[in-house]
Structure formats: structure tokens, C-alpha cells
Novice: 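Just passing along the structure, written as C-alpha cells.
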Amino acid sequence: MSDFYHRVYAVCRHIPEGKVTSYGAIAKFLGSAKSSRLVGYAMNKSFSENGVPAHRVVNRLGMLSGKHHFGGSTLMEDLLYNEGVEVLDDQVQNFKQHFWDPSDHLNPGDFS
DNA sequence: AGCGTGACGTATA
DNA sequence: TTATACGCCACGC
């Protein structure tokens, strides 16, 4: 639980369906605001983990920057769309509306 | 123990 | 406004 990766996974698992968040938001929530890249890096590794909805994590623009890592198919879009998130041209529509900020719903102490 | 890496984010030109 | 540059830092080799 003290591992950065593990904390990232934990936060991701808490993302509700139909919601998305950003790498930066997660990084900030974990206390390493400048380690947003690590979050993405961690997501990559998350494929070996179970229950980590990596498709609900996009960059701060709501862009599916990681879809290429989902096999290059529309899998990521499909997953999101299936949860009620509109996706067009690799971008989440109404991103602000679907955005879910960890720091607004989770207690940082639970991840210490 | 040092070096390269990256699904980001922000600052400049 | 679009394009490029660079800082960031945990992880794996």
C-alpha cells in the first residue's frame, strides 16, 4: 500500500463508473503533483493487476492518450462509452461533467 | 548505484 | 494559436 504504483491502482479502483479522472489529479492526490508521468507509467503496468479500470484515466484534456496501449483498437472508447461516457475523436465529451477528482471523494489518509 | 524511460503538465517561442 | 522544450520522479535494468 505504500508503493506508489499500488496507491495509483487503489485510487483507480475507486473511480466510479461513468466517471474519469486525470493523471495529474491522481498524482496530486497522492502527494506527488509533479509525478503525473509516473501515474501513466503505473497504468501501463496495471495491466498485470486486476480491477484497475485504466480506461477511466485520461490526461487533463480528457484525451484518450492511452488508447494506443489498449491494443490500438477502440476498446478504451468502447469501455467508456459503455459506462455512459461520450467519446469522440479520442476525446471525452463533456469532460468537465464526467471528471471525478480523487481529492473530492477520497481520504488521502486511506492511502498513506 | 547510475541511467534511460514515460498513458503528463507547464512554460516558452 | 500551434509547436517544441524541458522538468518531474518512481521504476526497472
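Quantities reported herein were computed from a predicted structural model and do not represent experimental measurements. Quick note on labels: first sequence line is chain A, next is B, and so on, each numbered from 1.
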Novice: Are A:His14 and A:Phe111 close enough that their ring centres sit under 6.0 Å apart?
Specialist: yes
Novice: Are the side chain of A:Tyr23 and the backbone of A:Leu38 linked by a donor-acceptor contact shorter than 3.5 Å?
Specialist: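 Absent.
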Novice: So, A:Asp3 side chain and A:Tyr5 main chain: donor-acceptor pair closer than 3.5 Å or not?
Specialist: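 Pair absent, no side-chain N/O of A:Asp3 close to backbone of A:Tyr5.
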Novice: Return yes if some donor-acceptor pair links the side-chain N/O of A:Ser46 with the main-chain N/O of A:Val52 below 3.5 Å, else return no.
Specialist: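 Checking the backbone N and O of A:Val52 against the side chain of A:Ser46, no donor-acceptor pair under 3.5 Å is found.
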Novice: Are A:Val58 and A:Tyr81 joined in one hydrophobic group, where the rule is that I, L, V, M, F, W and Y side chains link up if heavy atoms are under 4.5 Å apart?
Specialist: no
Novice: Find the distance A:Tyr5:OH to B:dA7:P and express it as a whole number of Å.
Specialist: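 Result: 11 Å.
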Novice: Under the salt bridge (Lys or Arg N to Asp or Glu O under 4.0 Å) test, which residues partner A:Lys19, sequence neighbours left out?
Specialist: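 In terms of salt bridge (Lys or Arg N to Asp or Glu O under 4.0 Å), with neighbours along the sequence ignored, A:Lys19 is linked to no residue.
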Novice: For A:Leu80 versus A:His55, what's the shortest heavy-atom pair and its separation?
Specialist: CD2-O, 3.2 Å
Novice: Identify, residue by residue, the members of residues 84-107 of chain A with a heavy atom below 4.0 Å from DNA chain C, and return them in order of residue number, or none.
Specialist: none
Novice: Base, backbone or nothing for each nucleotide of nucleotides 8-13 of chain B, written B, S, -, heavy atoms under 4.0 angstrom, 5' to 3'?
Specialist: BSS---
Novice: Is there side-chain contact between A:Lys67 and A:Thr74, with heavy atoms separated by less than 4.5 Å?
Specialist: yes
Novice: Pairs counted as Watson-Crick or G-U wobble with both distances under 3.5 Å: what dot-bracket string results for DNA chain C, using | for bases tied to another strand?
Specialist: .||||||.|||||
Novice: Expressed in angstrom and rounded to an integer, what is the separation of A:Lys45 atom NZ from C:dA10 atom C1'?
Specialist: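 That distance rounds to 12 Å.
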Novice: Could you list the residues that satisfy side chain to side chain contact (heavy atoms under 4.5 Å, CB included) with A:Asn94, not counting sequence neighbours?
Specialist: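 A:Asn94 satisfies side chain to side chain contact (heavy atoms under 4.5 Å, CB included) with A:Glu86, A:Gln97, A:His98 once adjacent residues are dropped.
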Novice: Can you tell me the distance, in whole Å, between the CZ atom of A:Phe4 and the C1' atom of C:dC8?
Specialist: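 Taking CZ of A:Phe4 and C1' of C:dC8, I get 11 Å after rounding.
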Novice: Check whether any side-chain N or O of A:Arg56 sits under 3.5 Å from a backbone N or O of A:Ile15 as a donor-acceptor pair, and report yes or no.
Specialist: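 Flag set: sc A:Arg56 to bb A:Ile15 pair under 3.5 Å.
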Novice: Taking a hydrophobic cluster as the set of Ile, Leu, Val, Met, Phe, Trp and Tyr residues connected by side-chain heavy atoms closer than 4.5 Å, whether directly or through intermediates, do A:Val57 and A:Met63 fall within one such cluster?
Specialist: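 They do not share one cluster, since no chain of ILVMFWY contacts under 4.5 Å joins A:Val57 to A:Met63.
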Novice: Give the rounded distance in Å between these two atoms: CG of A:Asn44 and P of C:dG12.
Specialist: 12 Å
Novice: Specify the separation, in whole Å, of atom CG of A:Asp3 and atom C1' of C:dG12.
Specialist: 14 Å
Novice: Within this structure, what is the NE2-to-P distance between A:His68 and B:dA7, rounded to whole angstrom?
Specialist: 10 Å
Novice: Please evaluate residues A:Asn59 and A:Ser22 with respect to the criterion side chain to side chain contact (heavy atoms under 4.5 Å, CB included), reporting the C-alpha separation (whole Å), side-chain torsions for both, the decisive distance (0.1 Å), and the verdict.
Specialist: CA-CA 5 Å; A:Asn59 67 8; A:Ser22 71; 6.0 Å; no
Novice: Show me the protein contacts with nucleotides 1-6 of chain C, counting only N or O atoms at under 3.5 Å.
Specialist:
none

Novice: For A:Leu75, is there any backbone N or O sitting under 3.5 Å from a side-chain donor or acceptor partner on A:Ser73?
Specialist: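 Side chain of A:Ser73 to backbone of A:Leu75: a pair is present.
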